[in-house]
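The shown structure was predicted, so the numbers you read here are calculated from the model rather than taken from an experiment.
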Protein chains: 2
Amino acid sequence: MKTTIYQVAQEAGVSISTVSKVINDTGRISEETRKKVKKVMKELNYQPSVVASALTGKQTKVIGLLIADISNPFYAEVARQIENRSRERGFHVMMCSTDNEEEKEKNYLSLLTRQRIDGLIVASAFHNTDVLAKVIQNQKYPVVMIASDIPKLPIHSVRVDDYQGSYLAASHLVQLGHKRIAIIAENIRSNHQRVTGYKDVLGEYDLPLLEEYMVQTEATNEKGYEAAKQLLSLENRPTAIFAGNDLLATGIIKAAKGLNLDVPKQLSVVGFDNTILSTVLTPALTTVAQPIREMGSKVVDLLIEEMEQPSKYKQRLLFTPELIVRESTASWDRK
Amino acid sequence: MKTTIYQVAQEAGVSISTVSKVINDTGRISEETRKKVKKVMKELNYQPSVVASALTGKQTKVIGLLIADISNPFYAEVARQIENRSRERGFHVMMCSTDNEEEKEKNYLSLLTRQRIDGLIVASAFHNTDVLAKVIQNQKYPVVMIASDIPKLPIHSVRVDDYQGSYLAASHLVQLGHKRIAIIAENIRSNHQRVTGYKDVLGEYDLPLLEEYMVQTEATNEKGYEAAKQLLSLENRPTAIFAGNDLLATGIIKAAKGLNLDVPKQLSVVGFDNTILSTVLTPALTTVAQPIREMGSKVVDLLIEEMEQPSKYKQRLLFTPELIVRESTASWDRK
DNA sequence: TTGAAAGCGCTAACAT
DNA sequence: ATGTTAGCGCTTTCAA
């Protein structure tokens, strides 16, 4: 049925250890036997079993990826970059969508551990940090984070400078003359940072920080829609809304349309992530871009480095965000 | 370091085979020892190694997924549904984006085989069907397809009725009074069917089939944009364009805007897939919906069935498409 | 009801 | 330069 190393050895008239050596390019083998063995492997269409070799302590060549939601365009893009880079480095990716729910996070974590992954990339909330902390303590495999971070855990992380990104976005709005700026964000760490940036900007410009202008909700366009509808029906409604991500911004623009408010004339909207949605929307969305490609590639490299040689200190990489001004923001002159 | 079955056995004062039996719920074990063993497993935080058990011939609990592009919203949605259902059934998903390129398809196939997956779900073109045919012949694991099909291969497949879907879409346009209807589609099997449906409708209504109205290109909004720009600069330009998928439709609408053509007044556009893009676009896109959730769930069930009990005949399931009329299509009165 | 032992396919000393 | 052999952690007869 399945060809094993024994059959190759027999057919080639050598021992299995010789075959093993030519497979892994270890030890010293004469050019002659190497060729013969390789030839037989071809003929028999032999594929070494990763399972068997993993059992002897070698790598499984599988990286686990815990990601919030693969059907969210931002995460899909992140996942794709991670997959690309992993493949270049000879690894596979096992993807798990957690919806940022603790139950799923736990569940997947335990399943992945059983599977003997070589490393784990996390792009999920882990509101309960203990769950992840345990995995790190166990040290069965290295863990790195992307697009999020947990300061109190000793872990490499790669993300955009959320604070700076939101600082750019909020400043942009203020400089356009907006004074009543609301924010709709998600309850995850990256978004908390974005809220902080927003608050700081408003503070610097002596603009009032209204509780009712700060909404926390889930990252779907429906939720963005609802939150925006509520904000826009306020007596003193905002003239600009900063969204924690493009998906929310999408919902906001929809809500504005539903209320017959012109974007950007009557309402400016800024998003975050620069996903495909931002270019597709009408008006095209002003948003904060993250260098997803570089980040995805880097996080894989960091993980593999860590597998080869655990570092004593942890890197927290902050990539630089860029404000992409499109059509959804305009100046606000009225008093 | 890692707890093994031996340590559990020792701690519980039984043999490893006894432990194995309580893990797998096989053989006859007294309630008493079962409890004791379970207790020890908890205490030692024992996680059976899937790798070791796979080596003895059991399942790896991993399903491979060969998908065109996980960052395309349609495939992302498909992937998410497959992941959800797989998880419910106790399986993991190893995702591989192929971009419909033969090299990547081959490459991933060989890697997945080494990894000893239990089954494979394919949502990739396989223009070279031999590559996939070989995998099926080898019978190392069952293979099923989703959102595509290869008629000449003995394989379960789950897809929407592409012909009917495009028939609906094209009829809709004809009934709105359009006579100059173009189509931009991708070079994959599902899209070929969609083109056929389009042709048949035009034929039935005695509308001319112009070569220049049929464009084949890749599934990105950029390509859709380019193709549309070309179509719309034709002397006798189409009054409606049917897109093989929403991503292409997105590009078409953008092109129309660039040329200052009003959609739908001066140009009607129909998409396919009913992804998030179709609701986000302005005007909202008339498109053909696929029951992705059901399809994803079904394909996983089919695969698992096949793992348990290979069937002698193959099922080709056609789900019913639904035309969702939104704002991008309007009647055409002018002669 | 339980345990001993062979074996899954491979790697890595250790011999030769 | 090549082969022998002892595991890796688990499942599964077969005995007891």
Side-chain angles (χ1 to χ4, degrees), chain A residues 1-41 44-62 111 113-118 138 140-141, chain B residues 1-38 40-41 44-62 110-111 113-118 138 140-141:
Chain A
M1 174 107 201
K2 171 128 173 48
T3 355
T4 72
I5 197 170
Y6 288 98
Q7 319 190 20
V8 175
Q10 180 151 42
E11 193 68 23
V14 297
S15 76
I16 59 164
S17 61
T18 300
V19 177
S20 174
K21 279 164 195 155
V22 350
I23 293 171
N24 301 294
D25 230 5
T26 56
R28 18 196 88 271
I29 300 291
S30 75
E31 221 13 76
E32 197 186 358
T33 38
R34 176 188 311 285
K35 268 193 186 133
K36 186 169 49 179
V37 171
K38 288 216 169 185
K39 181 158 154 283
V40 174
M41 295 200 303
L44 271 53
N45 189 28
Y46 168 67
Q47 313 256 69
S49 154
V50 176
V51 168
S53 104
L55 191 57
T56 73
K58 302 207 84 172
Q59 292 184 319
T60 54
K61 290 295 176 185
V62 175
L111 290 175
T113 303
R114 263 191 181 56
Q115 292 281 354
R116 270 242 11 226
I117 52 177
D118 291 338
N138 285 345
K140 293 198 181 139
Y141 45 79
Chain B
M1 174 106 200
K2 173 127 174 47
T3 358
T4 72
I5 197 171
Y6 288 98
Q7 319 189 21
V8 175
Q10 180 151 42
E11 193 70 22
V14 296
S15 75
I16 59 164
S17 59
T18 301
V19 177
S20 174
K21 279 164 196 155
V22 349
I23 293 170
N24 301 294
D25 231 4
T26 55
R28 16 196 89 271
I29 300 292
S30 75
E31 225 8 80
E32 198 183 359
T33 38
R34 175 187 311 284
K35 267 193 188 135
K36 188 169 48 180
V37 170
K38 289 217 169 184
V40 174
M41 296 201 301
L44 270 52
N45 188 29
Y46 169 67
Q47 312 255 71
S49 154
V50 176
V51 169
S53 102
L55 191 56
T56 72
K58 302 204 88 173
Q59 293 184 319
T60 54
K61 290 295 176 184
V62 175
S110 133
L111 290 174
T113 304
R114 266 189 179 56
Q115 291 281 353
R116 270 243 8 227
I117 53 177
D118 290 338
N138 284 345
K140 293 198 181 138
Y141 45 79

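Side chain of A:Lys61 to main chain of A:Ala54: no donor-acceptor pair is present (N/O by atom type, distance under 3.5 Å, no hydrogens or angles). Between the side chain of B:Lys2 and the backbone N or O of B:Gln47 there is at least one donor-acceptor pair closer than 3.5 Å.
Between its opening and closing five pairs, the helix from C:dT1-D:dA16 to C:dT16-D:dA1 changes axis direction by 40°, a value rounded to 10 degrees.
Judged as a salt bridge (charged side-chain N to carboxylate O under 4.0 Å, His left out), and not counting sequence neighbours, the contacts of A:Arg34 are A:Asp25, A:Glu31. By the salt bridge (charged side-chain N to carboxylate O under 4.0 Å, His left out) test, A:Lys39 is found to be paired with A:Glu43, residues two or more places apart in sequence or in another chain being considered. The side-chain hydrogen bond (donor to acceptor under 3.5 Å, both in side chains) test applied to A:Thr4 returns no partner, not counting sequence neighbours.
On the nucleic acid side, DNA chain C contacts chain A at distances under 4.0 Å to non-hydrogen atoms, with the end points of that region at C:dG9 to C:dA12.
A:Gln115 is not listed as a side-chain neighbour of A:Val62, based on a closest heavy-atom distance of 4.5 Å or more. The side-chain heavy atoms of B:Val37 and B:Met41, taken from C-beta on, include a pair separated by under 4.5 Å.
Taking CD1 from A:Ile117 and OH from A:Tyr141, the interatomic distance works out to 4.0 Å, rounded to the nearest 0.5 Å. One distance of note links NZ of A:Lys36 with CD of A:Glu11; it measures 11.0 Å at 0.5 Å rounding.
With no hydrogens or angles considered, a side-chain donor-acceptor pair links A:Ser15 and A:Thr18 at under 3.5 Å.
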Item to check | Heavy-atom protein contacts under 4.0 Å, nucleotides 7-16 of chain D, coded B base, S sugar-phosphate only, - none | outcome: BBBBBB----
